[in-house]
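Notes to accompany the following structure.
Note that ligands are numbered from 1 as they come in the structure, with each ligand's atoms numbered from 1 the same way. Because only heavy atoms are used, hydrogens play no part in the values below, and waters and symmetry mates are left out as well, while side chains stay in.
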Amino acid sequence: MEISGSTGPTLIGKRIVLGVTGSIAAYKAVLLLRTLLREGAVVHVVMTQSATKFVTPLTFEVLSGHPVSTEVFEAHQEMKHLSLPEQADAIVIAPATANCLAKIALGLGDDLLSTMLLTAQCPLIVAPAMDGGMWTHPTVTEHVRTLRARGTVVVDPEEGPLASGRIGHGRLAEESRILEALQTALSPLRDWQGHRILVSAGPTQEPIDPVRFISNRSSGKMGYALAEAAQARGAQVVLVTGPTALPLPKGVEVVSVATAEEMTQALSMRLAWSSAVIMAAAVADFRPKYPASQKMKKQAQIDQTLDLERTTDILASLSAQRTTQLIVGFAAETCDLIAHAKDKLTAKGLDLIVANDVTTEGAGFGSEQNAATLIDREGAITELPLMPKRALADAILNRAHELLRTRESQQAPKPVVGGR
Ligand code: CTP
């Protein structure tokens, strides 16, 4: 394959796992393997049992120069489902059958390839191939949507004659498209380069006395994931965080605060510096009105009630002071998710709100995953399924970046037609 404008091998030293599943297009994986090798990659091939019915493992073995793996349990072998993805820079599955897509979407692990994907941390690129009717089947569409939402790169199949003799949408994508997707996945996205993002995370603690406080269940994971993702995508990031037990993200300036008042100060003084604010912190809405300067004694305090007062609504106050900043807020809800989130979006003057139902099992406070619905000020709604918080962070940044771009294009001066 000729790559126009290519300046030489683009994958030198990259370790790629090429997964091949049982489709008639499996023979095209042989050609893809040769292209990857020509680009300088070290390729390990993993085949499903049904793929071996179309092409023999020996073909891939001879060409790649490495044994082909098909089984999770091979005698006297290391644990391939762990070692292969650990060492890989990327995994490419081409062709990927409808069954393969379903297994990935559902997290099933009944063979080496699918089990391996459950341990993989590296980019995953899948190039589906199947009959046209299968590709447009609602279940397949749903699985593809789930994969994309989790950050998997899906290289859409092409239209043309299919193995069934029909013409349809289902042919494995051209090698050049699969290669391009792999190259892009390996050269990380820097779309936030040049932007300065202020992220808040974690709970706040509002003192009752020197040893007690009012707080909430926020772990800070969502805000930290956002700070990490934005930094990885090229942004300069300041993370203003309430107390958490999390390791500090690398390459990010961290400002530690405890109370809502300290968080207000830390964010307000950096608002002018920023081009976007993402408010993931769970700020306490109330604080004790008269915090005691000495530890309150239980005997003396038996009938005492705690007077509370409202804290500053930081988001609303930032949004009132902003100039050009894009402002993203969160809405933690237990019922009427969309209605409450829309109300907050309007009341606080936000550009985007990330609404999450904190009662969803496996999502919300403390969990590694989250499911959210993004709503922008035009009312556009994007529902995102349950996914790791880091993947959700990327999805939020994708949407926020789109909004920034739209805003920039609307603000760009109109070309002068027929002027002097
Ligand atoms: N927020 C804030 N300052 C506060 C309270 C909340 O900036 N004092 C921000 C949160 O960081 C979040 C958004 O406002 O981005 C919505 O927070 P949420 O707790 O969902 O809603 P509240 O505004 O506190 O309203 P309610 O408790 O009535 O749901």
* Is E333 salt-bridged to K344, going by a charged N under 4.0 Å from an acidic O? -> yes
* S274 side chain to R196 main-chain N or O, any donor-acceptor pair under 3.5 Å? -> no
* To do: Answer yes when R177 and E158 have at least one side-chain N-carboxylate O distance shorter than 4.0 Å, and no when they do not.
  => yes
* Where K295 and V211 come nearest, the two heavy atoms and their spacing -> CG-CG2, 3.7 Å
* **Sidechain-backbone polar pair: T360 side chain, D357 backbone, donor-acceptor under 3.5 Å** => yes
Using a 3.5 Å cut-off on N/O to N/O, what pairs does ligand 1 make with the protein? A line per pair would be great.
{"residue": "ligand 1", "atom": "3 (N)", "partner": "I314", "partner atom": "N", "Å": "3.0"}
{"residue": "ligand 1", "atom": "7 (O)", "partner": "I314", "partner atom": "N", "Å": "3.3"}
{"residue": "ligand 1", "atom": "7 (O)", "partner": "L315", "partner atom": "N", "Å": "2.8"}
{"residue": "ligand 1", "atom": "8 (N)", "partner": "T311", "partner atom": "OG1", "Å": "3.4"}
{"residue": "ligand 1", "atom": "8 (N)", "partner": "T312", "partner atom": "O", "Å": "2.9"}
{"residue": "ligand 1", "atom": "11 (O)", "partner": "A281", "partner atom": "O", "Å": "2.6"}
{"residue": "ligand 1", "atom": "14 (O)", "partner": "K348", "partner atom": "NZ", "Å": "2.9"}
{"residue": "ligand 1", "atom": "15 (O)", "partner": "M279", "partner atom": "O", "Å": "2.8"}
{"residue": "ligand 1", "atom": "15 (O)", "partner": "F330", "partner atom": "N", "Å": "2.9"}
{"residue": "ligand 1", "atom": "15 (O)", "partner": "F330", "partner atom": "O", "Å": "3.3"}
{"residue": "ligand 1", "atom": "20 (O)", "partner": "A332", "partner atom": "N", "Å": "2.9"}
{"residue": "ligand 1", "atom": "20 (O)", "partner": "K344", "partner atom": "NZ", "Å": "2.7"}
{"residue": "ligand 1", "atom": "21 (O)", "partner": "K344", "partner atom": "NZ", "Å": "2.9"}
{"residue": "ligand 1", "atom": "23 (O)", "partner": "K348", "partner atom": "NZ", "Å": "2.5"}
{"residue": "ligand 1", "atom": "24 (O)", "partner": "D285", "partner atom": "OD1", "Å": "2.9"}
{"residue": "ligand 1", "atom": "24 (O)", "partner": "D285", "partner atom": "OD2", "Å": "3.0"}
{"residue": "ligand 1", "atom": "27 (O)", "partner": "D285", "partner atom": "OD2", "Å": "3.0"}
{"residue": "ligand 1", "atom": "29 (O)", "partner": "K344", "partner atom": "NZ", "Å": "2.8"}

* To do: Would you mind listing every salt bridge (Lys or Arg N to Asp or Glu O under 4.0 Å) that reaches into residues 197-208, with sequence neighbours excluded?
  => none
